[in-house]
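Below: one structure, written as structure tokens.
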Amino acid sequence: MAYTRKNVSALTATERRRFVGAILELKRRGEYDDFVRMHIEYYTADGEDGLRTAHMAPSFLPWHRKFLLDFEQALRRLDDSVTVPYWDWTRDRTTRSVPWRDDLLGGNGRSWDQQVMTGPFAYREGRWTIRENVTDGRFLTRDLGRARDPIELPTGTELEAALNDPVYDVSPWDSTVTRGFRNKLEGWGTGRGSASWRTHNRVHRWVGGVMLGGASVNDPVFWLHHSFIDLQWSRWQQRHRGTRYQPERPPAPGSAQHRRVVARYEKLPPWDVTPDSLEDVGRIYRYA
């Protein structure tokens with residue numbers, strides 16, 4: 001029987017407590033850091049050699065769907081009442097919104113070092129030390145809204161621009177494409193600075209701190225953000241019925257993208273699954 005992922009703003013106090021408790025227990029056991037390491041390992045950019053799976057590629061959505069599902073299943077092994085809620089950043093748009101409550105994710109970082117001082121994931125609480133990182137920082141950091149150079153979260157209108165695109169992805173299957181739902185949702189835009197940060201990417205920038213790179217999983221808001229991203233893929237599929245993951249076949253030898261992207265029926269590292277197998281997960285979970 002499929003379980004339900006809820007909007008974080010609809011969680012009861014008990015649901016918030018049990019969700020946080022399961023994350024902290026996963027961290028205590030050392031399992032949480034395994035997810036951080038995996039995301040760092042598979043954070044491969046266009047300019048790097050080799051296969052791209054997690055970012056700047058068509059498999060951005062199925063890769064994170066499987067990653068999120070594995071995390072959720074780890075939580076549910078500890079407490080089967082827990083699912084990963086989603087943060088609708090088109091509606092909950094301020095530093096005082098539900099995700100930043102003291103009984104959920106805690107609030108913003110302090111001004112001089114961005115260290116989060118409130119909530120269960122504050123370093124001073126003693127249960128959330130960062131051990132896997134791209135820097136040597138040991139405490140959770142945030143800079144919600146970017147105090148020195150403010151930006152806004154993506155709007156519903158901007159999200160609709162991605163959802164309205166009837167094509168999943170197009171060649172050259174990277175961060176430079178201007179057509180296709182995947183890159184419009186992932187948010188690699190043209191231009192420089194804040195103008196080029198869109199949708200998914202701009203949310204990472206808005207949160208700031210450890211959410212700014214491959215180690216972004218160190219902030220538990222990562223999961224709420226990607227639950228909402230996963231919901232958009234489901235909504236896009238419902239809106240454009242019959243459309244599928246692209247490319248269907250691997251780029252041919254001689255192509256700049258040969259062996260650099262995952263085709264529909266190819267294995268999606270590091271798992272023994274394909275993008276095709278992840279297009280329909282309705283028997284596992286649904287969204288409220």
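- Smallest separation of non-hydrogen atoms from Val8 and Trp87: CG1-CA, 4.1 Å.
- Few gaps surround CZ on Arg110; more than 12 heavy atoms of other groups in view lie less than 6.0 Å from it.
- Aromatic ring orientation, His55 versus His39: perpendicular (interplanar angle above 60°, classes split at 30° and 60°).
- Between Tyr168 and Trp233, the angle of the ring planes lies from 30° to 60°, which puts this pair in the tilted group.
- Side-chain contact of Tyr287 with Asp230: a donor-acceptor pair under 3.5 Å is present, judged by distance alone.
- Of the N and O atoms on the side chains of Glu72 and Tyr285, not one donor lies less than 3.5 Å from an acceptor on the other residue.
- A salt bridge does not link Arg18 with Glu15: none of the charged nitrogens is closer than 4.0 Å to a carboxylate oxygen.
- Of the charged side-chain nitrogens involved, at least one lies within less than 4.0 Å of a carboxylate oxygen, so that Arg244 and Asp276 count as a salt-bridged pair.
- For Leu51 against Pro269, the heavy-atom pair with the smallest separation is CD2-CG, 3.7 Å.
- Here the shortest heavy-atom pairing between Ile23 and Pro220 reads CD1-CB, 4.3 Å.
- For Arg179 against Lys184, the heavy-atom pair with the smallest separation is CA-CE, 4.3 Å.
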Please tabulate, for the side chains in residues 248-258, all donor-acceptor contacts under 3.5 angstrom to protein atoms that are two or more places apart in sequence or on a different chain.
unit_1: Ser255; atom_1: OG; unit_2: Gln257; atom_2: N; d: 3.1
unit_1: Gln257; atom_1: OE1; unit_2: Arg52; atom_2: NH1; d: 3.1
unit_1: Gln257; atom_1: OE1; unit_2: Arg52; atom_2: NH2; d: 3.3
unit_1: Gln257; atom_1: NE2; unit_2: Pro172; atom_2: O; d: 3.4
unit_1: His258; atom_1: ND1; unit_2: Pro251; atom_2: O; d: 3.0

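- With respect to the salt-bridge test (charged N to carboxylate O, under 4.0 angstrom), the residues Arg37 and Asp33 do not qualify.
- Shown here are the salt bridge (Lys or Arg N to Asp or Glu O under 4.0 Å) partners of Asp219, two or more places apart in sequence or in another chain: Arg142.
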